[in-house]
Amino acid sequence: MRTFGWPELWFIVQAAKWTIALSAIAFAGGTVVGLMVALARTGGNALLARGATVFTQIFQGTPLLLQLFLVFFGAPILGLEINPWVAAAVALTLNSGAFLGEIWRGCIQAVPRGQWEAAEALSLSYRWRMRDVVLPQAFKIAVPPTVGYLVQIIKGTSLAAIIGFTEITRAGQIIDNATFEPLLVFGVVGAIYFLLCWPLSLLAGRLEKRHARALTR
């Protein structure tokens with residue numbers, strides 16, 4: 001057994017880069033999936049809308065931990081070799097896509113109906129109507145909740161420790177097993193998560209207030 005010192009602290013701090021990398025991958029992938037879900041939910045095609053709704057309900061209605069298990073342990077059953085990196089990225093991407101898709105669906109539907117009708121009156125196709133009229137306005141509405149949800153993605157990466165992905169929480173577990181100082185070790189882990197998430201929470205709140213002021217003008 002060894003005591004908690006600078007090498008142990010540095011090991012946990014270094015693991016933060018993997019938390020950030022996994023969060024970035026999940027957010028980028030979730031952005032693509034979420035946009036597809038949002039457009040399917042609002043596009044007027046009943047079949048696509050139903051499929052997107054089922055997808056959203058499944059990933060919002062089941063725990064992220066279960067989704068990680070299913071991807072990591074289910075893939076080998078299907079004959080697919082998968083490592084913790086890929087499993088965590090896939091599960092977090094699909095989970096983030098479901099939640100971001102629902103957030104953005106609400107933002108698209110929040111665009112005043114008059115804007116939709118004006119675009120239709122100009123005989124714009126669905127593609128150009130969404131690209132030039134609806135989505136630019138929905139984007140302004142979506143920025144604050146999207147930044148806020150990024151905090152949830154960062155915190156959600158901690159569950160990847162259960163499948164062996166070495167991020168902040170897993171690094172803390174490794175150090176705790178060596179030092180037997182859980183209060184100190186996980187206090188440091190919590191502090192690092194706070195330093196990652198707190199600025200984003202402040203930014204999301206500031207953007208939300210700015211958007212609210214813009215609406216009252």
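Side chains included, hydrogens not; waters and symmetry mates left out as well; all remaining heavy atoms used. These numbers come from a predicted model, not from an experiment. One-based numbering along the sequence shown.
- Of the possible polar contacts, none joining the R2 side chain to the T179 backbone as a donor-acceptor pair under 3.5 Å is found.
- Between A52 and V37, the closest heavy-atom pair is CB-O, 3.9 Å.
- Below 30°, between 30° and 60°, or above 60°: for W198 and F194 the angle between ring planes is below 30°, a parallel geometry.
- Y193 and T169 are linked by a side-chain donor-acceptor pair at a separation below 3.5 angstrom, with hydrogens and angles left out of the test.
- For L80, the CG atom is densely surrounded, since the number of other residues' heavy atoms within 6.0 Å is greater than 12.
- I153 and L64 fall into different hydrophobic clusters, where Ile, Leu, Val, Met, Phe, Trp and Tyr side chains are chained together by heavy-atom contacts under 4.5 Å.
- The two residues L196 and I20 make their nearest non-hydrogen contact at CD2-CD1, 3.9 Å.
- Criterion: ILVMFWY side-chain heavy atoms under 4.5 Å apart, direct or through other members. Under it, I25 and M36 are not part of a common hydrophobic cluster.
- The closest side-chain donor-acceptor pair between T62 and Q67 falls under 3.5 angstrom.
- For the residue pair T157 / W18, no side-chain donor-acceptor distance below 3.5 Å is found, with atom types taken as modelled.
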One pair to check against side-chain contact (heavy atoms from CB on, under 4.5 Å): R170 and I174. What are the steps and the verdict?
CA-CA 6 Å; R170 179 60 180 159; I174 293 171; 4.2 Å; yes

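- Between E102 and T56 the shortest heavy-atom distance is OE1-CG2, 3.8 Å.
- In this model, a donor atom of one side chain and an acceptor atom of the other lie less than 3.5 Å apart for Q115 and Q137.
- Within a 6.0 Å radius of CZ in F73, other residues, nucleotides and ligands contribute more than 12 heavy atoms.
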